[in-house]
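Below is one structure; the comments refer to it alone.
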There are 2 protein chains.
Amino acid sequence: MTPLTFPANSARATMDDVARLSGVSLKSVSRVINGEPHVSANLRAKVEAAIAELNYVPDAAARSLAGSRTFIIGLLLDNPSPHYTMKIQKGVYNVVRSHQYHLRIDNVDSTVPDEQFSAQLEALIRNNRCDGFVLTPPLSDNLLLLDFLEARKIRYVRIAPALDNARGPGIAIDDAAAAAAMAQHLWDLGHRRFAVMRGPASHMAAARRRDGFIAELERLGSATPIIDADGGFSFEGGIAAGETLIAQSPRPTAVFACNDDSAAGVMAACSKAGLKVPDDISVCGFDDSWIARSVWPYLTTVYQPIEEMGQAAAALLLRRDEQEGKISQLGFQLVIRDSTAPPRQTQG
Amino acid sequence: MTPLTFPANSARATMDDVARLSGVSLKSVSRVINGEPHVSANLRAKVEAAIAELNYVPDAAARSLAGSRTFIIGLLLDNPSPHYTMKIQKGVYNVVRSHQYHLRIDNVDSTVPDEQFSAQLEALIRNNRCDGFVLTPPLSDNLLLLDFLEARKIRYVRIAPALDNARGPGIAIDDAAAAAAMAQHLWDLGHRRFAVMRGPASHMAAARRRDGFIAELERLGSATPIIDADGGFSFEGGIAAGETLIAQSPRPTAVFACNDDSAAGVMAACSKAGLKVPDDISVCGFDDSWIARSVWPYLTTVYQPIEEMGQAAAALLLRRDEQEGKISQLGFQLVIRDSTAPPRQTQG
DNA sequence: TTGTAGGCGTTATCAA
DNA sequence: TTGATAACGCCTACAA
């Protein structure tokens, strides 16, 4: 019934065409398309047949002009890592498209003064509304943004929020539990002297990882104080802070970095200092980002389902029912690769 | 005149409001908004004042329903590296937004059979047209896609096209010249025995880099045959192929990889084999991607202005004048870091 | 140089 | 359960 190839230049069918072909009114066609109740099965069948025959698809512009929906979901981005961003974007995209929606991208810069930031937001929604935004970190915790959206009754879902959990719906993982799992892994290998490379103070999730790691070690009975340093979430920061950490005496036998980039920095610092990973020292990260498999040895890390988080966020946004400030947690996974091993006997 | 804060819930002004306030007709307002000719300075001033006072912005949905433009630019993506994609995306975004356009993202999978691929394309443009697409590699060289768009008279600009240059407008760099510059750099350092890590056969730009590198060496007077191997553009591939290359006897003193990822793989292979970079062997890459500064030592590479390419592509698309198949070339830059150095005296 | 009338393709309001 | 008819906000003829 539906022709396999659709002539490129044939004029697109409109609702009028469908109504005429099926012999019903315009409004009835509209009802069928939007799945409204109070439509007889007979009428619905007729309309659907006509739609199929004409290869009809509703026009998005007309729909959003006449109605309240735009069939567009916005993804709000603010300089996270390319790897992270693309994963989120892909997850959001797939769900959005499967619902016949489109994905719009918007970048903002949240490091500017409040007034400028507000102006950016104004500009975004001025001439082209969308049906909701997916917020990525650090925007997920930007109170100014949340206020702005709520004042305009624009729906949003936050990814990896760390703040104000009652504020709006969100998707996250249990950072503390994931860090604890890593602590357990190192403990089981026999490590007893640890160092933590924390992230920048602004990154709330990093603090949770650090705290979760340390809390678990204390629970397991770690006696030694656990030193830490700020790796700034970057490779360069990881090198600098890593050099500090491995210069301690006695040297820690294992370093847990709160993200993969700074973990790679620690590995570079070890390499410069002549320490072999994992023989002389174990190093592990967090994220299972692309760099985890782009260093040698491959990095032991925590996988967080970033793409799935994007999917879940989009799905939440597309479900029109109002959900008040519920944060859904997704699972994580310990990924044990080659950068962690039992400590040397002489040191153990 | 323009209020600094704009009440969140005030109804948005329409063209009607502007017309009424400025005491002119609807059409005149339209003329001013669209910068049409034949408008007196006086009238224009009145209308612009009213627009400012009412904080008016045209409604995108109404505009695209009534007119032919949608004020949306699509970015067509197909699994390139996150780093590359995000750079392009950012460049396109900035230009698009500065023209009051919005950016729509569309992913396709070009590895599927032709029929499925066409179906994907159909789905993309069925219910929501856009004013043009920016095509990223490898889609820039996808003939099926180009045919599809041309048949529907949809404008596009190709990024880094390697094929069929007369086909449609595009933005690129001179890959061969960039690779030649790298050859010159290594030659000047004193290297005389080279290896090339080429990319996958499907990536046309990689072949140009390899060929350009070799051609330049021959021009410089290289006598030794230049060995090469396929690094698959990936870190893993780089390790495997790198092991082959450095096992040659006599060993090459410099390895040029056609992208950074496989260059990092070469460095890992060297590390495994006990070779120090750059003391024992020089390694260089291409792209100046993020990994170039996430390895130790930092990678010597070629910077290509990816973000600018995105900008240029968007700018080309937004200029409505018809440009037939012109490829604009942007500049590249040699980035000399720590992974290249003169060869050891004993080997030189 | 300016203005008037009609239409773009859909949803929403009412009445039947 | 269905269907006329009027918006939605703008642009494109065409006329003045």
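Just the heavy atoms: all of them, side chains too, but no hydrogens, waters or symmetry mates, feed the values below.
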For this session: Starting at atom CZ of A/Phe71, determine the distance to atom P of C/dG9, rounded to an integer number of angstrom.
Result: 17 Å
For this session: Report the C-alpha distance between A/Asp109 and A/Thr111 in whole Å, list the side-chain angles of each, state the deciding distance to 0.1 Å, and finish with yes or no for side-chain hydrogen bond (donor to acceptor under 3.5 Å, both in side chains).
Result: CA-CA 6 Å; A/Asp109 180 1; A/Thr111 64; 2.6 Å; yes
Exercise. Taking everything shown except A/Lys46 itself, do over 12 heavy atoms lie less than 6.0 Å from its NZ?
Worked result: yes
For this session: Indicate whether OP1 or OP2 belonging to C/dT2 is found under 4.0 Å from a side-chain N or O atom of B/Ser40.
Result: yes
For this session: Give the rounded distance in Å between these two atoms: CZ of A/Arg69 and P of C/dT10.
Result: 13 Å
Seminar exercise, completed: Sequence neighbours excluded, the answer for side chain to side chain contact (heavy atoms under 4.5 Å, CB included) partners of B/Ile51 is B/Val18, B/Ile33, B/Val47, B/Tyr56
Exercise. Considering heavy-atom distances to DNA chain C, does B/Ala41 or B/Leu65 have its closest nucleotide positioned more toward the 5' end?
Worked result: B/Ala41
Exercise. Roughly, in whole Å, what's the span from CG in B/Asp16 to P in D/dC11?
Worked result: 12 Å
Problem set entry | Selection from C/dT11, D/dG9, C/dT2 that lies nearest to any side-chain heavy atom of A/Ala66 | C/dT11
Exercise. Sub-3.5 Å donor-acceptor pair from the side chain of A/Arg155 to the main-chain atoms of A/Leu317, do we have one?
Worked result: yes
For this session: Answer yes if the side chains of B/Asn34 and B/Arg69 hold a donor-acceptor pair under 3.5 Å, and no otherwise.
Result: yes
For this session: May I ask you to check if B/Arg152 and B/Phe148 form a cation-pi contact, with NZ or CZ under 6.0 angstrom from the six-membered ring centre and within 45° of the axis?
Result: yes
For this session: Take atom CE of A/Met15 and atom C1' of D/dT5, then tell me their distance rounded to the nearest Å.
Result: 13 Å
Problem set entry | Length of the CZ-P vector between A/Arg63 and D/dG9, whole Å | 18 Å
Problem set entry | Residues in contact with DNA chain D, drawn from residues 18-38 of chain B - heavy-atom cutoff 4.0 Å | B/Lys27, B/Ser30, B/Asn34
For this session: Please give the angle, rounded to 10 degrees, between the axes at the start and the end of the helix from C/dT1-D/dA16 to C/dA16-D/dT1, where five pairs define each axis.
Result: 30°
For this session: Take atom NZ of B/Lys90 as the centre, draw a 6.0 Å sphere, and report whether it contains more than 12 heavy atoms from other residues, nucleotides or ligands.
Result: no
Exercise. Do A/Leu145 and A/Leu135 come close enough that some side-chain heavy atom pair is under 4.5 Å?
Worked result: yes
For this session: Take atom CZ of B/Arg12 and atom C1' of D/dG9, then tell me their distance rounded to the nearest Å.
Result: 10 Å
For this session: Would you please indicate yes or no on a ring centroid separation below 6.0 angstrom for A/Phe133 and A/Tyr156?
Result: no
For this session: Find the distance A/Asp17:CG to C/dG9:C1' and express it as a whole number of Å.
Result: 11 Å
